[in-house]
Each structure stands twice: as C-alpha cells, then as structure tokens.
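Chain A is the first sequence line, chain B the second, and so forth, proteins listed ahead of strands; every chain is numbered from 1.
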Amino acid sequence: MAYLSRDLAQIKTDLQVRLDLDHAKVSDLDFAAVEPFFQELEFRTLIKTVERLTGKETSASSSAASAPKPGQQISMFVDEPQVIYAPKIDSNIIVNIVDTADKLTKIVKVLNTATVISFDTETTSTEEMRADIVGISLAIKEGEGYYIPIGHKAGNNLTLEEVLPALNAPLTNPKIGKIAHNAKYDYIVLAKHGLRVAPLTFDTMLAEFILDPSSHNLGLKNLAFVKLGEEMTHIEDLIGKGKKQISMADVAIESVAPYAIADAEIPLRLMALQVEELKRVNGTKLLEEIDLPLTPVLADMEMTGIPLDLPFFEETSKRLEKRMAEIEKQVFDSVGKPFNLNSTQQLSDILFNRLKLEPPDKGNKTASGHFSTSVGVLDLLRGKHPVVDMVLEHRELSKLKSTYVDALQAALNPNTGRVHTSYSQIGAVTGRLSSSNPNLQNIPIRTEEGRRLRNGFVAGKGNVLLSIDYSQIELRIVAHMAQDEGMLAAFRADEDIHATTAAAIYGVKSEAVTRNMRRHAKAINFGLIYGMSVFGLTRYTELTLAEAETFVKAYFQKFPGIKKYLDGIRKLAAQQGYVETLLGRRRYFPALQSKANVQLKNREEREAINAPIQGTAADIMKIAMLKIPPALKAAGLKGRMLLQVHDELVLECPKKEVKETARVVQDTMTNAYPLDIPLSTDARYGANWGETKSI
DNA sequence: CTCAGAAGCTCG
DNA sequence: GTACGAGCTTCTGAGC
C-alpha cells in the first residue's frame with residue numbers, strides 16, 4: 001500500500017487539505033475534517049485532482065457541484081489506484097530506418113524468418129477510411145524495430161508500390177503470427193491498398209479490454225507506463241495538438257522512426273505479460289475465438305460501407321429547414337421576441353419567466369440553475385401555452401437535420417460513394433460494439449418523421465438490404481441463466497413474452513390481456529434486465545409505488561426462478577467482486593467490495609445484474625457475425641454484412657438471393673450459441689432500410 | 001479563440 | 001436518489 005500513501009501525500013500537498021487517513025484503504029478513501037478554506041475549492045476540483053493522481057475515475061457521494069462544509073465527511077471511491085509515479089525508464093530500442101530498396105529486401109528476408117511480427121502504421125488521420133499511409137513500423141523481437149518511410153514530405157521515402165508487395169509474403173504468411181495494438185485500424189489502412197494482414201494472433205488493446213473492460217486507460221502509452229514502467233513519446237509531442245496540429249507527413253523521418261518503432265515494439269513486450277494475465281482469468285478463449293477473429297470481419301463491414309440516397313437527403317434537408325423556419329417565426333411571434341431556440345437556457349427563461357409557465361417539478365433544476373426544458377417537462381406543459389407544441393416539433397426536426405440528415409451527407413466518402421462507420425470493440429463495458437464517425441447504431445426509428453430517414457439508406461445496384469434481428473434475445477438469456485420454468489416454457493411455446501408476463505402478474509387469461517396490461521408487463525421485463533427497483537418502475541410507468549410493489553411481488557411469485565437468480569447474482573457480485581457472461585467475459589465491481597456509499601453500491605448492483613445479460617447477447621451476436629461470412633461463402637451467396645445494431649444485422653445481397661441469404665443468416669444466428677431455449681430471429685428486406693417486406 | 005462540460009436527443 | 005449500454009450536436013463559460 002506504499003503507493004497509496006504516496007498518492008495521498010501528493011493529494012494532501014496539492015490541495016492543502018488535512019486528510020483523515022485512519023480508515024483509508026486501497027479502494028476507499030475517506031476525506032474528513034476538511035479545513036474551512038477548502039470550502040472555496042470546488043468539490044469537482046478535488047475529484048479531478050484525485051483522478052489525475054490515481055489515473056482512475058472516481059465516484060463521489062456528494063453532489064459534485066457543491067463545496068463540502070467544514071468537517072463534512074466526504075467519501076470518495078477510487079477505482080483501484082495504481083502506481084503512477086513509476087520511474088522514467090528510457091526506452092532503449094534499436095532504430096532501423098528502411099529507406100532504400102536494398103534495405104527493404106534485407107528486412108523482408110529477416111521478417112520471413114520471424115515467428116511473430118508486431119506492426120503499426122503512421123498515417124495522416126485517426127479515421128482509417130480517410131487515412132493515408134506515412135510509414136510502417138515492424139518489430140519481431142524486443143529491443144529492435146524497423147521503420148519504412150512512405151509518405152513523409154521530406155527525406156528518402158519508399159513507395160507504396162514497392163513496399164506493400166515486398167511485405168505481402170511475411171504479413172500474410174500463415175505461420176507467422178501478427179500482433180498490434182488496436183489492429184483493426186492498421187488492418188484497414190493496409191487492406192485499403194490490398195494487403196490483408198493475416199493471421200492476427202494478438203491485439204494488446206483487445207487483450208486489456210478482456211482483462212478489464214471498465215479500464216479507462218486502454219491506450220498503448222498508458223499500458224506501457226502502467227505495466228512496463230516505460231514512458232513513451234506521445235503523438236502530441238510530434239505533431240502538436242488542437243488547431244496548430246500538423247500532419248505526421250510533415251514530421252521528419254528521423255523523429256518519427258523511434259516513435260513508430262516503439263509503437264510496434266512495446267506490444268511485443270505487453271503481449272508477454274498479457275498472455276499470462278489472460279490465462280489467470282480464463283480470458284484466452286474469448287480473445288482468440290471471439291474478439292480477435294472479429295476484427296477482420298468488422299474491418300470488412302467498415303470498408304464495404306453503406307450507400308446513401310443523396311438526393312433524398314438533400315431534399316429532406318431543405319424540407320426540414322423550411323419547416324423549422326416556419327415554426328421559429330411562429331414561436332417568436334407568439335412569445336413576442338426572438339431568441340435562440342437551440343439554447344435551453346434562453347428557452348427556460350422564456351417559458352418560466354416571460355410566459356410564467358409553472359415548472360412541473362420546481363425542485364428539479366439543472367446544474368446551471370435553470371429549470372429543465374427536456375421533452376419530459378415540455379410534454380407535461382402541453383396545452384398550457386401554444387409555443388410548447390411548436391418547441392417540441394422544432395426540437396425533433398432540429399435533431400433530425402443536424403445529427404442525421406446533414407451529418408450523414410457530410411460523412412459520405414467521396415472515393416467510395418458510401419458511408420463507412422467505425423466499430424469499436426472496446427466501446428462498451430458490457431462487450432457490446434459501439435459505432436462512431438458516424439454512429440450508425442442510433443438512426444431514428446421511433447417516430448414517423450425520424451423513421452423516414454431510413455429510406456435514405458439503400459443498397460448497391462441490383463441489390464437489396466436485408467435486416468435480421470434477434471427477437472427478445474436478452475429475456476431469453478435471462479430465462480436460460482435463471483432456469484425459470486415459467487419463462488422457459490413461454491419461450492419454448494414461442495409466446496408473446498410481454499403478454500404472457502401480463503397474464504401472469506394480473507392473474508388473467510392471455511385473451512384478457514389489454515394493451516395497458518401488456519405495457520406494464522413490458523416495463524417490468526425491461527426493468528428486470530436493468531436491475532431496477534420497485535421505485536424505479538414507478539418512474540417509467542404511471543403506476544403508484546403500492547401498485548408497482550404488488551406487480552413486482554406477483555412477478556416474482558410467478559417466476560420464482562428469476563427472483564432466485566437476481567438474488568444469486570447480487571450475492572455473487574459482492575462476494576467475488578465481478579460477474580461474467582455465459583462466455584466468460586468478466587466485469588469488475590470494486591465498490592461492492594468496499595465501504596463505498598450506498599448510491600454507488602446500488603448502481604454497481606444494477607450494473608452487475610445487467611452486465612451478464614447484455615454482455616451475453618453481445619457475445620452471441622459476435623459469434624454469429626464470425627460464422628456468417630463463411631456460411632454465405634459456402635452457400636455460394638454474394639451477401640455481405642454492412643451494419644450491426646446490437647441485436648440486428650443489416651446485409652446487402654443480390655435481390656435474387658434474398659430468400660436464400662436470409663435462410664443462411666437466420667440459421668447461423670439462431671444456432672450461434674445454443675441455449676436451453678431456441679433463439680429466434682425476424683427478417684425484413686427492401687430497396688432501403690425503411691422498407692419492411694417479410695421474407 | 002479554443003476547449004470541456006452541460007443539456008438534450010437518438011438508438012438497442 | 002434510481003432503471004442498463006452507447007455517440008453526437010449545440011450552447012456556454014472559463015481560460016488562453
């Protein structure tokens with residue numbers, strides 16, 4: 001614990017605060033006896049300082065906005081403080097710059113004799129589909145590496161045309177393992193030029209994510225620091241940051257070479273440690289059989305991209321613009337003065353001061369001291385003043401136009417005529433993928449106007465879009481894990497699970513279930529997945545606390561296995577400090593094993609209930625995605641996966657093959673990972689993503 | 001002028 | 001004081 005006290009000493013110095021360390025533990029620090037002058041200091045400054053010193057995120061019991069009172073007990077939870085003042089060790093790596101054809105030939109000979117090659121690329125962009133190659137670095141053993149300059153503006157460069165064919169043999173040799181940190185990026189950068197690195201045998205970023213998906217420090221530089229005590233050069237040191245940032249192509253080869261080589265050499269050293277760490281948590285299979293092989297699959301999806309109907313988006317943009325201007329004028333006329341409709345603060349002032357509307361929840365002000373103007377609030381104000389409906393409509397249209405209609409047009413890649421999202425395999429702590437630049441996992445569907453945007457996502461010539469989604473996969477996973485007879489039976493009979501639940505908790509026959517009863521049952525089923533409390537249920541239904549209690553009680557009586565399962569998970573999470581998916585993906589809950597405050601513990605308890613459910617669904621989808629391309633190929637089908645939206649896959653396939661493609665994909669998805677109940681899928685297809693023709 | 005945080009909204 | 005998991009846009013105030 002020596003390092004902890006060092007951290008605390010530093011915190012003390014930094015903040016000039018006297019700390020009561022009597023009860024301090026590694027993961028639980030109590031800050032007590034706060035000096036009066038500390039009131040001046042924003043509490044969030046304290047939090048930030050602790051986070052900076054520990055390199056970890058913290059959660060605090062007190063409201064982050066207010067300063068603590070003198071003598072007030074503040075309990076601050078720090079997620080596993082780490083050694084952060086590691087002595088600086090200069091990396092001592094031999095740098096070989098490969099800038100002649102002769103040197104290249106020699107290096108390739110060496111590479112061909114390697115057992116493992118670690119690789120990294122230097123490029124002009126963080127977006128792989130827009131990145132040009134500036135250089136390639138390679139390492140086959142610790143302490144030495146090679147840098148091949150290609151796109152530097154000054155100095156001796158080799159050309160892509162001579163480098164890539166030369167590297168093809170070693171980088172595709174099935175006997176030579178290939179490793180990298182965040183391999184998908186470099187894989188795409190090279191694959192765009194026809195070099196598909198294979199086989200990928202290790203990825204230090206994915207490995208670390210399996211070891212601790214909650215880690216906020218999965219970057220190579222940080223891992224080198226924490227695990228190896230190596231202080232690496234940061235990219236900002238080479239290209240600067242912010243507005244003054246320059247391109248890697250502008251940096252001298254001699255400056256980039258050691259940096260780039262370290263990016264290839266360090267993963268070799270990290271891998272040696274992580275291989276052992278993975279064994280200790282049984283994470284090797286997860287990496288080798290799911291996350292790592294998924295990388296080239298995702299890379300293919302990203303590189304393929306999805307076409308947009310550009311005229312459709314252009315027209316929609318104009319239409320929305322016109323309508324928004326109309327609404328804006330009406331609002332200003334009605335209010336009697338113009339203001340910025342996009343500003344929640346100005347709107348709040350107009351609604352609650354100028355128009356004297358009554359805030360539905362007077363106590364509920366936002367952190368900036370204004371009354372909230374969120375949809376929930378505005379909905380309750382409907383009918384009180386004509387501007388409310390106008391604002392709501394403007395909000396919706398404004399969101400659609402800026403976030404989707406305009407942003408998607410801008411995201412269209414001029415070279416391919418398609419939109420290429422980027423999937424992150426470390427984006428969600430549960431093991432789900434995330435999508436960004438642009439995010440294609442949150443395209444509107446719930447409102448009519450929003451849903452229309454899906455008509456703008458189309459298939460290539462002669463093709464259709466085919467969308468297949470798992471039906472109720474999370475509840476099926478719950479039924480399987482809980483082994484609840486009632487719920488298993490419902491799924492075996494392929495019943496409408498929410499209706500069945502409604503019949504059970506209301507004690508009526510299934511024919512007698514009303515829409516409202518089903519809606520309540522659905523809320524409970526969802527709440528179940530989210531680890532909700534009875535109180536939580538009242539916030540998402542119009543049920544009173546007493547009614548909610550009655551329903552939940554009835555629910556657990558009808559599904560005793562669920563109750564037992566939930567209690568079991570809570571106990572397990574507290575006992576061992578982590579929970580796992582069916583495939584062994586682990587997520588830690590440090591607060592549950594500390595004396596952290598109740599709110600934090602409750603939160604982690606809900607997360608611990610949700611993690612195995614959401615995470616198992618994610619694992620199963622990943623397995624399906626691994627199996628689909630070879631299954632399609634074996635069936636002689638041309639279909640390609642374009643998008644994944646958690647429980648849905650969108651493929652593009654020739655119109656004539658749509659039925660056969662759907663059959664193969666559905667078959668693969670339902671059998672990806674057999675549970676005690678069958679998984680079920682729904683398929684739709686059409687000329688665009690908005691069409692819903694059944695197979 | 002730049003940047004980070006808040007507020008709000010989109011999805012499964 | 002409460003649902004779980006994400007990413008993007010706009011406004012705003014602080015700091016350069």
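The residue from A:Val331, A:Val387, A:Leu355 that alone fulfils the side chain to side chain contact (heavy atoms under 4.5 Å, CB included) condition with A:Ile350 is A:Leu355.
Residue contacts shown for A:Gln614 include a base, since a base heavy atom lies under 4.0 Å away. Residue A:Val598 is classed as having no contact, given no heavy-atom separation below 4.0 Å to the nucleic acid. No contact: A:Ala608 has no heavy atom under 4.0 Å from any strand. Within 4.0 Å (heavy atoms only), A:Ser368 reaches sugar-phosphate atoms of the nucleic acid but no base atom.
Within 3.5 Å, a donor on the side chain of A:Arg446 pairs with an acceptor on the base of B:dG12, or the reverse.
In this model, the phosphate group of C:dC4 is not approached by any side-chain N or O of A:Arg432 to a distance below 4.0 Å at OP1 or OP2. Taking 4.0 angstrom as the limit, A:Thr366 places none of its side-chain polar atoms (N or O) nearer than this to OP1 or OP2 of B:dA6. Between C:dG5 and A:Arg606, no contact under 4.0 Å exists linking OP1 or OP2 to a side-chain N or O.
Residue A:Thr373 places its side chain closer to B:dG8 than to any other of B:dG8, B:dG12, C:dG5. Of all nucleotides listed (C:dC4, C:dT2, C:dG7), C:dG7 comes nearest to the side chain of A:Ser436. Taking every side-chain heavy atom of A:Ser533 into account, C:dT2 is the closest of C:dT2, C:dG5, C:dG7.
At whole-Å resolution of the value, CD1 in A:Ile443 and C1' in C:dC8 are 11 Å apart. A straight line from CZ of A:Arg603 to P of C:dG1 spans 15 Å, rounded to a whole angstrom. The distance from atom CD of A:Gln441 to atom P of B:dC11 is 13 Å, rounded to the nearest whole Å. If you take NE2 of A:His216 and P of C:dA6, they are 10 Å apart, rounded to a whole angstrom. Taking atom CG on A:Leu397 and atom P on B:dC9, their separation rounds to 13 Å, with Å as the unit. A:Leu600 has its CG atom 13 Å from the C1' atom of C:dT2, to the nearest Å. The separation between A:Arg395 atom CZ and B:dT10 atom P is 10 Å, rounded to whole Å.
Applying the salt bridge (charged side-chain N to carboxylate O under 4.0 Å, His left out) test to residues at least two apart or on different chains, the pairs with a partner in residues 426-445 of chain A are A:Arg432-A:Glu474. Among residues at least two apart or in separate chains, salt bridge (charged side-chain N to carboxylate O under 4.0 Å, His left out) pairs with a member in residues 609-620 of chain A are A:Arg585-A:Asp619.
A salt bridge is defined here as a Lys NZ or Arg NE, NH1 or NH2 lying under 4.0 Å from an Asp or Glu carboxylate O, and A:Asp379 with A:Arg382 meets this definition. Under a 4.0 Å N-O distance rule, the pair A:Arg323/A:Glu326 qualifies as a salt bridge. Of the charged side-chain nitrogens involved, at least one lies within less than 4.0 Å of a carboxylate oxygen, so that A:Glu449 and A:Arg319 count as a salt-bridged pair.
The ring-ring contact (aromatic ring centres under 6.0 Å, His included) test applied to A:Phe352 returns A:Phe371, not counting sequence neighbours. With sequence neighbours left out, A:Phe332 forms a ring-ring contact (aromatic ring centres under 6.0 Å, His included) with A:Phe339.
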If the sugar-phosphate is the primed atoms plus P, OP1 and OP2 and the base is the rest, what is the B/S/- string for nucleotides 9-16 of chain C, using protein heavy atoms under 4.0 Å? SSSS----
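Around atom NZ of A:Lys601, more than 12 heavy atoms belonging to other residues, nucleotides or ligands sit under 6.0 Å away.
Stretches of at least 3 consecutive Watson-Crick or G-U wobble pairs, with each checked distance under 3.5 Å, appear in DNA chain C as B:1-12 with C:4-15.
Look at the P atom in both C:dG1 and B:dC9: the space between them is 23 Å, to the nearest Å.
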